[in-house]
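Computed from a predicted model, the values in this text were never measured in an experiment. A, B, ... follow the sequence lines: proteins, then strands. Residue 1 opens every chain.
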There are 2 protein chains.
Amino acid sequence: MAQDMTAISDRSPTALDVYHRLKADIIRGLYAPQEKLLMSRLKARYDTGVGPLREALTRLIGERLVTGISQRGYRVAPMSISELEAIYDARAELEGLLIRLAIERGDDEWEATVLARTHTLAKVTRVQDADEMLERWDARHQALHDAMVAGCGCLPLLQSRAALFDQAQRYRHLWLRQTVFSEQALAEKQREHQALLDTILARDASAASVLMREHLMTPVPIIRERLQEQGWV
Amino acid sequence: MAQDMTAISDRSPTALDVYHRLKADIIRGLYAPQEKLLMSRLKARYDTGVGPLREALTRLIGERLVTGISQRGYRVAPMSISELEAIYDARAELEGLLIRLAIERGDDEWEATVLARTHTLAKVTRVQDADEMLERWDARHQALHDAMVAGCGCLPLLQSRAALFDQAQRYRHLWLRQTVFSEQALAEKQREHQALLDTILARDASAASVLMREHLMTPVPIIRERLQEQGWV
DNA sequence: CTCGACATAGACGTCGATATTTTTATTCAA
DNA sequence: TTGAATAAAAATATCGACGTCTATGTCGAG
């Protein structure tokens, strides 16, 4: 856990500031799974007191990125192969449901948006080194998937989807770097996205649902391998 | 908002105690939708200070039962017909997915549990007056539904289901009392549960999924009416 | 009458202090 | 060497205080 201080403002950070920073640090793997989060160290790192930290941690517990036991402190939530598989199973099934609903409920404008987002993502065929490029690809990638499911018109389900995505982020982060810097992997992803788009434009809910589930599960073996390399599980 | 003090223990209530009590009060409608939750009054009611209250409220914001804006306090989350419909749509679709997965993945033991829970629920044919009886019916009702979906074997999806259930609770509370004290409504519910059981034991995922979605949506018109009677929307 | 400026009261959010709990280290007995 | 008991150190969770922010009320100008 490197000392990676970033200047914020002169004002004491609010609970919300702290929440965002701590969450980002957990997702990018700054803290190991199950690492003890000592208040004394968090206070120093995030330049705030116990109160705002407890709030941030409470929120992160609700998001299952942190575990806590009364009087015994907080820890980064564990990671495991079985959890990886469960979260991805859940996400695949939910995304399959959402794409089916989107096809049933989405209008022409929705189709147009999905087409546009597929196009802009396909413009990124190489990502090299720079984290900025990686973030650009992923931003477009997420925008495409968000657009695909947005046609479902069901906010509570989209909220559930977002919660599962948060839980998957630590795992997904392990896959992202490996995939995005490989032209071959990017090309494969592009083929999958095009196939998805075809089923969507054909309004073939059944095929789209199946393809989407498969698409969502493709990172799992890669992440499994990475987890085992890292010795975290 | 009646003054309804319940003695706890001599110890100052923890954030967890406060969370549970405040949540229960919100769900049962002690506070109106969008009612301002002033710290001064919460401190008096729940016999605790700002810190634990902020934690409890943070958690309830995460569960969408409370809204909060920095420096402007907390409010009970609003209720609306459109939200009612969205939450129930989400729950119906998710429950349909979960019952399909359960049928695909559930074993004989799962079937046996669903059968048993259907049986114990059917034993309650009349509920009169006493809240205790109402709670008994609903405990068995929830146990049945929990058993039905448990066969899906996907914890993250069950967690999403629970989160949606929490959001539905305020609305559902409005339906519960009206339904449970009517023998006719109980009989109708029993028929629906039996039909669901039949499709489950027949391992007919498609029929079960359709029936489950319809079953989940049956409270919506009743709740809509109740909301309009109460003038909350 | 309306709008803007200003002052005040009320409320919010964080801090340092403190009581309580847990963890760690040490000692002793079997 | 192991396990239990004890003390001390470390850590946790809540409290009251206080600076900051927002809501409300009043006044004056147009």
Shortest non-hydrogen contact between B/Ala56 and B/Val18, atoms and distance: CB-CG1, 4.0 Å
Contacts of A/Arg75 meeting salt bridge (Lys or Arg N to Asp or Glu O under 4.0 Å) (sequence neighbours excluded), chain-then-number -> none
Take atom OH of B/Tyr19 and atom C1' of D/dA13, then tell me their distance rounded to the nearest Å. 19 Å
Rounded to whole angstroms, how far apart are CG on B/Leu53 and P on C/dA11? 15 Å
Which nucleotide in the set D/dT22, C/dG13, C/dA11 lies at the smallest distance from any side-chain heavy atom of B/Arg72? D/dT22
For the residue pair B/His145 and B/His215, does the interplanar ring angle fall in the parallel (under 30°), tilted (30 to 60°) or perpendicular (over 60°) class? parallel
Whole angstrom value for the distance that separates P of C/dG13 from OH of B/Tyr74: 5 Å
To the nearest angstrom, how far is A/Ile69 atom CD1 from D/dA11 atom C1'? 15 Å
Would you mind reading off the distance between B/Gln71 atom CD and C/dC12 atom C1', rounded to a whole angstrom? 5 Å
side-chain contact (heavy atoms from CB on, under 4.5 Å) evaluation trace for B/Met212 with B/Leu98: CA-CA 10 Å; B/Met212 182 62 93; B/Leu98 289 170; over 6 Å; no
Length of the CG-P vector between A/Asp17 and C/dT14, whole Å: 9 Å
Are there any protein N/O atoms within less than 3.5 Å of an N/O atom in nucleotides 14-17 of chain D, and if so, which ones and at what distance?
from   : atom 1 : to      : atom 2 : distance (Å)
D/dT14 : OP1    : B/Ala15 : N      : 2.9
D/dT14 : O3'    : B/Ser12 : OG     : 3.4
D/dC15 : OP1    : B/Ser12 : OG     : 2.6
D/dC15 : OP2    : B/Thr48 : OG1    : 3.4
D/dC15 : OP2    : B/Gly49 : N      : 2.8

How far apart are the closest heavy atoms of B/Glu83 and B/Pro78, and which atoms are they? OE1-O, 3.5 Å
How long is the line joining CE of A/Met39 and P of C/dT23, in whole Å? 15 Å
Only counting residues at least two apart or in another chain, list the ones meeting salt bridge (Lys or Arg N to Asp or Glu O under 4.0 Å) with B/Glu55. A/Arg54
Calculate the interatomic distance between B/Leu38 atom CG and D/dC21 atom P; express it in whole Å. 20 Å
